[in-house]
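Reviewing the structure listed below.
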Amino acid sequence: MKVLIVNKFLYPNGGSETYIFEIGKQLCKMGHQVQYFGMEHEGRIVGNAAESYTSGMDFHTGKLQKLFYPFRIIYSREARQRIRRVLDDFMPDVVHLNNFNFQLTPSIIYEVRKFEREIKRPVKIIFTAHDYQLVCPNHLMMLPGSGELCDRCLGGHPGNCTKHSCIHGSKVKSILGSAEGKLYQLLHTYRQIDRIICPSNFMKEKLDTSMDLAGRTIALHNFVESAAGRETQKEDYVLYFGRFCQEKGTGTLLEVCRSLPEIPFVFAGSGPMEAEVEKVSNIENRGFLKGKALEDTVRKARFFVFPSEWYENCPFAVMEAQAYGTPVIASDLGGTPELIRDGETGELFTGGNGQQLREKIQALWQDRDRLQKYTENCRNAVFDSVEEYCRKLVDIYGESV
């Protein structure tokens, strides 16, 4: 099977890029042919044989670029032309879309369908939703500034994005986001996607509020590699790793840390609230870690706190911690509760409720028997490996259209 994986970034940039690189490698191991399409970038690490990519989208300089900015983020002729070169050269059976809005635009969907008609054989279009972009123009389902969770655009009302200046607090950008959402809603463009993979049941529920998406969605949790058999001696600290910012619940967690001076915390990450993290005396900030340094830090923690205050989809961090034998105390928002067996591999608290979080951290820290039980359960936690995930993916690819 020939699979063309589409994503705006083709270099390591975030979770969606980790996803496309890993599934691409695994699909190749399984005997499938894989190529990639997206934007050209000096850091690009994957590509296609036709060497066809769109140009970078930097509209911060140049009057001409700024003039055409509104048109290019809604509909890109360049993206249609460049992907067609790849389609003609590679002749894929499946086009697997990932993050494509704004930089690549839904225009590429039309070109895939045109290509399909001309070659007179089916080409499957699959989309993995990494965020809520198709039903929420700012993709977070959260109002900027206030941190208020929001579902006003769900059900086909993208104009609310403009009303609340939801994209970077900018009225102009929010108008463009609303316009893009409304245009493709009126055109029913997303009905041309055969299957939409939602990494959580929560996301599936939100995407199903769109008439163009309902009936095409399937929930499939992300993959994580098993770490069974690699037990690590625990050390006395509670861990937080990730971005230091308000939507991740950093502010709430810092208040809890200050109120529990007897408990040592380790933070690993970076972000706009880093200066505030540094001020708390019982927090050791190890900075941004990756690879073995991060894995060792997660493995040795008594437990991991995931206090996110927005609708997380299927956070890798929560799965990774448990796979490494580290229990998790997490907020009950979004798709996170689907990843934790409450009272077995960790515990849930009401998102944003600092008092409840404080009580849970303090109680679990003091109850070593319960903590040991959670740790043992985590070491036996079952998540799909990338191989198991890709087997399911190939089944989806092969479904009749």
Side-chain angles (χ1 to χ4, degrees), residues 1-7 12 14-36 46 92-99 124-131 193-205 207 216-231 291 294-295 298-299 304 306 312-328 330 334-341 344-346 375-400:
M1 187 181 297
K2 293 183 176 182
V3 182
L4 178 62
I5 297 177
V6 177
N7 192 64
S16 62
E17 287 72 46
T18 299
Y19 173 88
I20 65 168
F21 301 149
E22 290 301 315
I23 66 168
K25 286 190 293 186
Q26 181 59 40
L27 288 169
C28 288
K29 287 180 183 178
M30 294 165 69
H32 304 287
Q33 297 180 52
V34 177
Q35 293 189 22
Y36 293 82
V46 292
D93 303 298
V94 176
V95 175
H96 188 155
L97 305 176
N98 291 270
N99 286 342
K124 198 76 171 286
I125 299 180
I126 304 297
F127 170 59
T128 295
H130 296 278
D131 55 35
I193 298 174
D194 295 300
R195 213 50 149 146
I196 299 154
I197 298 170
C198 303
S200 67
N201 290 299
F202 180 86
M203 173 170 276
K204 182 182 187 304
E205 176 187 315
L207 265 56
R216 302 170 188 274
T217 59
I218 180 172
L220 182 61
H221 289 126
N222 285 330
F223 51 84
V224 65
E225 287 308 305
S226 171
R230 288 191 58 195
E231 294 187 13
L294 177 60
E295 179 179 335
V298 177
R299 284 182 179 279
F304 165 50
F306 188 78
E312 295 277 357
N313 179 12
C314 184
F316 279 107
V318 172
M319 293 189 296
E320 287 171 346
Q322 292 172 88
Y324 293 155
T326 299
V328 182
T336 304
E338 299 171 31
L339 306 176
I340 296 171
R341 301 200 311 272
E344 294 184 41
T345 61
T375 300
E376 291 171 0
N377 289 338
C378 283
R379 287 171 177 156
N380 296 314
V382 177
F383 297 106
D384 278 348
S385 67
V386 65
E387 182 178 358
E388 291 165 332
Y389 182 92
C390 283
R391 286 200 196 105
K392 295 177 182 178
L393 201 55
V394 169
D395 287 343
I396 294 170
Y397 290 165
E399 288 178 348
S400 59

Gln26 and Ser385, any side-chain heavy atoms less than 4.5 Å apart:
no
Using a 4.5 Å cut-off on heavy atoms from C-beta on, say whether the side chain of Tyr389 contacts that of Leu220.
yes
CG of Leu4 to CD1 of Ile125: how many Å apart, nearest 0.5 Å?
10.5 Å
Sidechain-backbone polar pair: Asp93 side chain, Lys2 backbone, donor-acceptor under 3.5 Å:
yes
Given the rule in the salt bridge (charged side-chain N to carboxylate O under 4.0 Å, His left out) test, do Glu388 and Lys392 qualify, once you have shown the distances and angles that lead to the verdict?
CA-CA 7 Å; Glu388 291 165 332; Lys392 295 177 182 178; over 6 Å; no
Nearest non-hydrogen partners of Ser200 and Gly335, listed with the distance
CB-CA, 3.9 Å
So, the side chain of Thr326 versus the backbone of Val298: is there a donor-acceptor pair under 3.5 Å, distance only?
yes
Do Asp131 and Asn313 have side-chain heavy atoms sitting under 4.5 Å apart?
no
Minimum heavy-atom distance Gly325-Pro327, with the two atoms named
O-CD, 3.8 Å
May I ask you to test the Phe383-His221 pair for a side-chain heavy-atom distance under 4.5 Å?
no
Shortest non-hydrogen separation from Met203 to Cys198 and the atoms involved:
CG-CB, 4.1 Å
Under 3.5 Å donor-acceptor, Asp194 side chain and Ile126 backbone:
no
Roughly how far, to the nearest 0.5 Å, is CZ of Phe223 from CG of Leu393?
9.5 Å
His96 and Tyr397 aromatic ring geometry - parallel, tilted or perpendicular at 30°/60° bounds:
perpendicular
For Thr217 against Arg195, the heavy-atom pair lying closest together
O-NH1, 3.5 Å
dist Cys378:SG -> Arg341:CZ (nearest 0.5 Å) comes out at 7.5 Å
Checking Glu376 against Arg379 for the salt bridge (charged side-chain N to carboxylate O under 4.0 Å, His left out) test, could you report, in this order, the C-alpha distance in whole Å, the side-chain angles of both residues, the deciding distance, and whether it holds?
CA-CA 5 Å; Glu376 291 171 0; Arg379 287 171 177 156; over 6 Å; no
CG-CD1 distance between Leu97 and Ile196, expressed to the nearest 0.5 angstrom:
10.0 Å
Between Glu205 (side chain only) and Phe202 (backbone N and O only), is there a donor and an acceptor less than 3.5 Å apart?
no
Just checking Lys29: does its NZ atom have more than 12 heavy atoms from other residues, nucleotides or ligands closer to it than 6.0 angstrom?
no
Can you give me the closest heavy-atom contact between Cys390 and Met30, atom names plus distance?
CB-SD, 3.7 Å
Tell me whether Gln322 contacts the main-chain N or O of Ile340 through its side chain, where contact means a donor paired with an acceptor under 3.5 Å.
no
Can you tell me if Asn98 and Ser16 form a side-chain donor-acceptor pair at under 3.5 Å?
no
Please confirm whether the backbone N or O of Pro199 pairs with a side-chain atom of Asn222, one donor and one acceptor, at under 3.5 Å?
no
Do Val34 and Ile23 have side-chain heavy atoms sitting under 4.5 Å apart?
no
Under 3.5 Å, side chain of Arg216 to main-chain N/O of Ile193, donor-acceptor pair present?
yes
Determine whether the side chains of Asn377 and Thr345 contain a donor N or O and an acceptor N or O closer than 3.5 Å.
no
Sub-3.5 Å donor-acceptor pair from the side chain of Asn99 to the main-chain atoms of Asn7, do we have one?
no
Treating Lys124 as the side-chain partner and Ile396 as the backbone partner, does any N or O pair qualify as donor plus acceptor under 3.5 Å?
yes
Looking only at heavy atoms, the pair that brings Ala317 and Phe304 closest together is O-CE2, 3.8 Å
